[in-house]
Amino acid sequence: MATRWFFSLHFRLIAAFALVLALALTGISLYVGYTSGQDTERLERDIDDARLAKMNLLVTKSYTERRGWEGIQQAVEGVSSLYGWRVLVMDQDRKIRADSHLDFGQFGDLAPNGGRTFPILSRGVTVGSVLVATREAPEETPEPSVSLLTTALNRSLLWTGLAAGIAGILLISLMSRRMLAPVRELSSAARLLGQGDTSQRVSPKGRDEVAELGRAFNSMASDLERADQQRKSLMADIAHELRTPLSNVQGYLEAIKDGLLQPDGRTIDTVHEQVMQLSRLVEDLRLLALAEAGDLPLHRQPGSLVEVLQRSLDGVKPRADARSVELSLEAATGLPPVEMDSMRIAQVVGNLLENAISYTPQGGRVTVTASLSGAGLARVAVSDTGIGIPDEDLPNIFERFYRVDPSRTRATGAAGLGLSIAKGLVEAHGGAIYVESFPGQGSRFTFELPLT
Ligand code: ADP
């Protein structure tokens, strides 16, 4: 469990965020530390300079007002105790006139860096000099240095950083939990789908990538559910379609055995017809299975599409005549040869024509047109003036065993495989087939084949 959490996206998001936060805080504190160190140094220098100038003014003023060094000692002591400096005043002969720390030995001992020296100018003439050792008087309580500010700043930065870090990690933990909830929902739905529960769906919210993934999952699950239902009903359909002619044959044979029916020519013809229907069905199923698996052997060679169409029309002419349906072929001139398996394409056209004639009432018309469409395709359309197909049936019309009106077509022996076979054969040629229909006015089935 712990290792699973360790490898989870949730943990990784928190870790990545914590890392970014730590880097940002370290960067900020390094930068602030560096710049504030420089700033405090400058500030300290500026303060010292201002104080030194003030002190220099004081000493000069005292000298000028009293016309000599008298009282200079008090002034120097005052400044020294105020700022905690060692201050020494010398005249032009380098004689010490005042010392803030009289008993503290040589000035140089207290100011190893030499301190700072300023000339004392009185009416434009140098009369002596002031030597100052800033922060060099150990007996004084040192003034709180400005540099302490940097430490305080760094400390508050650290605490703020820590508080921001904890709040940030809590926030990212909550946010990533929320963000990853749909992913968890998806993975559990996918697991159940994998176990065969095709009713699994997720509820995608929003428009982000995860929601997009959720919608893709739902559409995949719907496709799978449909395919699963089709697979189940296919088995039932096949069994059902095989049973009808088989039980007919069985019925006839039993009647002959029981002496109820004479095995004369007529009876044998009927039984033969049923067996033929059975074997046609088995052959259709085999063809479909081969086409769907992409294993259908095709003997493709360049041939005339118009010839194939004409032969197919000739084949169905007696049936069309019997139903008083007019047949016609309209072919564009100069159609180039099409690389195809003529037998199979004839089968496609035959199926479409059979349907068109079956679903067109007396006096109707069935027209076959052949033309060139753009992009190197030959287009064949079989149009009729028949009953048409309701809109809600159009999306399923090419599915196996699908019939718009099962009671009507079962009587004719049609199993609902004709259009599936047509689609399988056209697609095996690299083409496409589609349908348009206006109920009550007619239908048009169109297929396109690549020329080469
Ligand atoms: P069948 O073997 O039943 O003809 P098809 O796959 O060829 O099966 O056709 C499926 C269904 O499509 C038919 O049952 C019929 O309801 C409908 N259909 C096909 N062609 C036409 C058409 N030209 N006009 C009206 N309905 C059609």
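One-based numbering, in listed order, for ligands and for the atoms of each. Every value quoted in this text rests on a predicted model; they were computed, and no experiment measured them.
- Salt bridge absent: Lys423 and Glu399 never bring a charged side-chain N and a carboxylate O closer than 4.0 Å.
- Atoms of ligand 1 lying under 4.0 Å from any heavy atom of Gly418, numbered from 1 in the order shown and given with element: 2 (O), 5 (P), 6 (O), 7 (O), 8 (O).
- Interface of Val404 with ligand 1, defined as ligand atoms under 4.0 Å from a residue heavy atom, comprises 14 (O), 16 (O), 17 (C).
- No hydrogens or angles considered: a donor-acceptor pair under 3.5 Å links the side chains of Gln250 and Glu254.
- Contact atoms of ligand 1 toward Leu417: 2 (O), 6 (O), 8 (O) (distance under 4.0 Å to a heavy atom of the residue).
- In this structure a side-chain-to-backbone donor-acceptor pair under 3.5 Å is missing from Arg266 to Pro263.
- Between Asp39 and Arg42, at least one side-chain nitrogen of the basic residue sits less than 4.0 Å from a carboxylate oxygen of the acidic one, meeting the salt-bridge criterion.
- The ligand atoms of ligand 1 that sit less than 4.0 angstrom from a heavy atom of Tyr402 are 10 (C), 11 (C).
- Side chain to side chain, Gln347 and Arg344 meet the donor-acceptor criterion of an N or O pair below 3.5 Å.
- Between Gly386 and ligand 1 there is no heavy-atom distance shorter than 4.0 Å.
- Counting atoms of ligand 1 from 1 in the listed order, those under 4.0 Å from a heavy atom of Ile397 are 12 (O), 17 (C).
- At under 3.5 Å, a nitrogen or oxygen of Asn355, whether backbone or side chain, sits near a nitrogen or oxygen of ligand 1.
- The proximity of Ile389 to ligand 1, defined as any non-hydrogen pair under 4.0 Å, is limited to the side chain.
- Below 4.0 Å from some heavy atom of Gly416 lie the following atoms of ligand 1, by number and element: 1 (P), 2 (O), 3 (O), 6 (O), 8 (O).
- Here Arg280 does not pair with Asp284 in a salt bridge; the nearest charged N to carboxylate O distance is not below 4.0 Å.
- Of the heavy atoms in Asp384, only side-chain atoms (C-beta onward) come closer than 4.0 Å to ligand 1.
- With salt bridges taken as basic N to acidic carboxylate O contacts below 4.0 Å, none links Asp314 and Lys317.
- A donor-acceptor pair under 3.5 Å links the side-chain atoms of Arg12 to the main chain of Phe7, judged by distance alone.
- Under 4.0 Å from ligand 1, not a single heavy atom of Phe398 appears.
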